[in-house]
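Presented below is the structure to which this report refers.
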Amino acid sequence: MVQLGLVGLGKMGFNMRERLRAAGHEVVGYDRNPDVSDSDSLADLVSKLDGPRIVWIMVPAGDPTRQTIVELGSLLSEGDMVIDGGNSKFTDDKLNADLLAAKNVGYLDCGVSGGVWGKDNGYGLMVGGAATEVTRAMPIFDALRPEGPREEGFSHAGSVGAGHYAKMIHNGIEYGIMQAYAEGFELLEASNVVEDVPAVIKGWQRGTVVRSWLLDLLVRALDEDPDLDDLEGYVEDSGEGRWTLEEAVNHAVPAPVLSAALFARFSSRQKDSAAMRAVAALRNQFGGHAVKKAGS
């Protein structure tokens, strides 16, 4: 049994707490929402943990994460550890690690994939940081990852920043896959030959080379709304797609599929389309991301 502090109990953090507790670990959570929080403040959370402490952060990237780490830096002690499991930009990780290192507090960055389904299915984890820190936190990672061989749901990607870099590329790929399914959906809808589009897509779930969890989620969305008419084809991007393309430019790596997928999201904000309704539906299915209802 490992004791863990968990900061941020939103869609992901709340379910992670439940999965960790189900595995027998003690989790003390903190969230600004008192209805889900186990503590009144970060200071209260730290006071409830035995040293050496491990605190996992699941708050929005950028300033919220930075402010949380600064405050934890003033509360934690030598030998403690912070894990940033949010979608921080990989370039922020060294800054955060250096800030905590001044107090001899360890730091790991962890890219987390699995969305709102992770509580039951487990989370794919990509970790950056020192091997000794990774080993220390492994009971937590093993509880969160999917069942099966560790190497199929967990990777120690490299030094600080590598975990978030790997998750950034993962999300860039995700953009491209979703866009391909969405464009196929729109072509099927536009056809005068295919009479039952949801049946065709459902029929791809077994035996075909395009079967995947994302396809399963598209089928689920179509079961609920066969024409996806309840949604507007308006799709936000959360940052990782843009960062992925920045890295493609920096390294002169051609990424036409990923760039086209990102630009399609930009275009979705100007004109509604069946393809972008499919992308919106997929994001809502796997991550509980906000969508715009048609007519709203």
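Because the structure is predicted, anything quoted here is derived from the model rather than measured. Residue numbers start at 1 and run along the sequence shown.
When all heavy atoms are compared, the tightest approach of K48 to D38 is NZ-O, 2.8 Å. Annotation for M12 and V112: closest pair CE-CG1, 3.6 Å, computed over non-hydrogen atoms. Pairing each heavy atom of C110 with each of L125, the nearest pair is SG-CD2, 3.9 Å. Between G129 and H156, the closest heavy-atom pair is O-NE2, 2.7 Å. In plain terms, the two heavy atoms of R53 and L76 that are nearest each other are CD-CD2, 3.9 Å. Residues A143 and R19 come closest through the heavy atom pair O-NE, 2.9 Å.
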Working for side-chain contact (heavy atoms from CB on, under 4.5 Å), residues Y107 and I69: CA-CA 10 Å; Y107 178 86; I69 288 175; 4.0 Å; yes

Would you sort out whether E174 and E240 count as a side-chain contact (heavy atoms from CB on, under 4.5 Å), showing the intermediate values? CA-CA 10 Å; E174 176 189 292; E240 293 91 345; over 6 Å; no

Please step through side-chain contact (heavy atoms from CB on, under 4.5 Å) for the pair V200 and D196, ending with a clear verdict. CA-CA 7 Å; V200 169; D196 192 338; 5.8 Å; no

Take D109 and K167 through the test salt bridge (Lys or Arg N to Asp or Glu O under 4.0 Å) and record every step on the way to the result. CA-CA 10 Å; D109 56 283; K167 179 57 163 49; over 6 Å; no

Determine whether R150 and D142 satisfy the following criterion, salt bridge (Lys or Arg N to Asp or Glu O under 4.0 Å), listing intermediate values before the conclusion. CA-CA 7 Å; R150 179 185 289 166; D142 278 342; 2.7 Å; yes

Could you give me the CA-CA distance, side-chain angles and deciding distance for V197 and F185, then say whether side-chain contact (heavy atoms from CB on, under 4.5 Å) is met? CA-CA 8 Å; V197 174; F185 167 75; 3.9 Å; yes

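The closest donor-acceptor contact from the side chain of E186 to the backbone of A275 lies under 3.5 Å. A donor-acceptor pair under 3.5 Å is absent between the side-chain atoms of Q205 and the main chain of L215, judged by distance alone. A donor-acceptor contact shorter than 3.5 Å links the side chain of S191 to the backbone of V193. Between the W117 side chain and the Q285 main chain, a donor and an acceptor come within less than 3.5 Å of each other. Without hydrogens or angle criteria, R17 side chain to F14 main chain gives no donor-acceptor distance under 3.5 Å. Of the possible polar contacts, none joining the R211 side chain to the R206 backbone as a donor-acceptor pair under 3.5 Å is found. At least one donor-acceptor pair under 3.5 Å links the side chain of S37 to the backbone N or O of D31. One N or O on the side chain of T65 and one on the backbone of P60 form a donor-acceptor pair closer than 3.5 Å. Not a single donor-acceptor pair under 3.5 Å links the side chain of H164 to the backbone N or O of K89. Looking at Y181, its side chain does come within 3.5 Å of a backbone N or O of V210 through a donor-acceptor pair.
Atom CD of E147 sits in a sparse spot, with 12 or fewer heavy atoms from other residues, nucleotides or ligands closer than 6.0 Å. Under a cut-off of 6.0 angstrom, the local environment of CZ in R32 is sparse, with at most 12 non-hydrogen atoms contributed by other residues, nucleotides or ligands. Counted within 6.0 Å of NZ on K94, heavy atoms from surrounding residues, nucleotides or ligands total 12 or fewer; the atom is thus considered open.
At a threshold of 4.0 Å, the pair E246-R242 does not count as salt-bridged, since none of the basic side-chain nitrogens sits closer than that to a carboxylate oxygen. Classification of R220 and D216 as a salt-bridged pair fails, no side-chain N sitting under 4.0 Å from a carboxylate O.
Geometric assessment of R145 against the ring of Y123 yields a negative cation-pi assignment under the 6.0 Å and 45° thresholds.
Linking ILVMFWY side-chain heavy atoms closer than 4.5 Å, directly or via other members, places L187 and V279 in two distinct hydrophobic clusters. Neither L100 nor V134 shares a network with the other; the hydrophobic side chains, linked directly or stepwise wherever heavy atoms of I, L, V, M, F, W or Y lie under 4.5 Å apart, form separate groups for each. L45 and L20 sit in two unconnected hydrophobic clusters of ILVMFWY residues. Membership requires side-chain heavy atoms under 4.5 Å apart, directly or through other members. One hydrophobic cluster, built from ILVMFWY side chains closer than 4.5 Å, holds both W204 and L228. Hydrophobic clustering (ILVMFWY, side-chain heavy atoms < 4.5 Å, transitive): V235 and L262 are in distinct clusters.
No side-chain heavy atom of Y165 sits less than 4.5 Å from a side-chain heavy atom of W243. Side-chain contact between E247 and F90 is present, with heavy atoms from C-beta onward closer than 4.5 Å. Counting only heavy atoms from C-beta outward, the side chains of L4 and H25 never approach each other to under 4.5 Å. Residues E78 and P52 have side chains not in contact (no heavy-atom distance under 4.5 Å, counting atoms from C-beta outward). I57 has its side chain out of reach of I83: every pair of non-hydrogen atoms, C-beta onward, lies at least 4.5 Å apart. With a 4.5 Å cut-off on side-chain heavy atoms, L9 and M58 do not count as touching. By the 4.5 Å heavy-atom criterion applied to side chains, R277 and D229 are counted as neighbours. At least one side-chain heavy atom of K202 sits under 4.5 Å from a side-chain heavy atom of D223.
In this structure, D230 CG and D225 CG are separated by 4.0 Å, a value rounded to the nearest 0.5 Å. Atom OG in S155 sits 10.5 Å away from atom CZ in F141 (nearest 0.5 Å). To the nearest 0.5 Å, the span separating CG on L6 from OH on Y30 amounts to 13.0 Å. A distance of 11.0 Å separates CG of N15 from CG of L144, quoted to the nearest 0.5 Å. Taking CG of L108 as the start and CD1 of I140 as the end, the distance is 9.5 Å to the nearest 0.5 Å. Annotation: the span from L217 atom CG to L282 atom CG amounts to 6.5 Å, rounded to 0.5 Å.
If you check the side chains of S88 and D84, you find a donor sitting under 3.5 Å from an acceptor. A donor-acceptor contact closer than 3.5 angstrom links the side chains of E183 and Q179.
Between L72 and the choices V105, L42, L99, N96, the side-chain contact (heavy atoms from CB on, under 4.5 Å) rule is met once, by L42.
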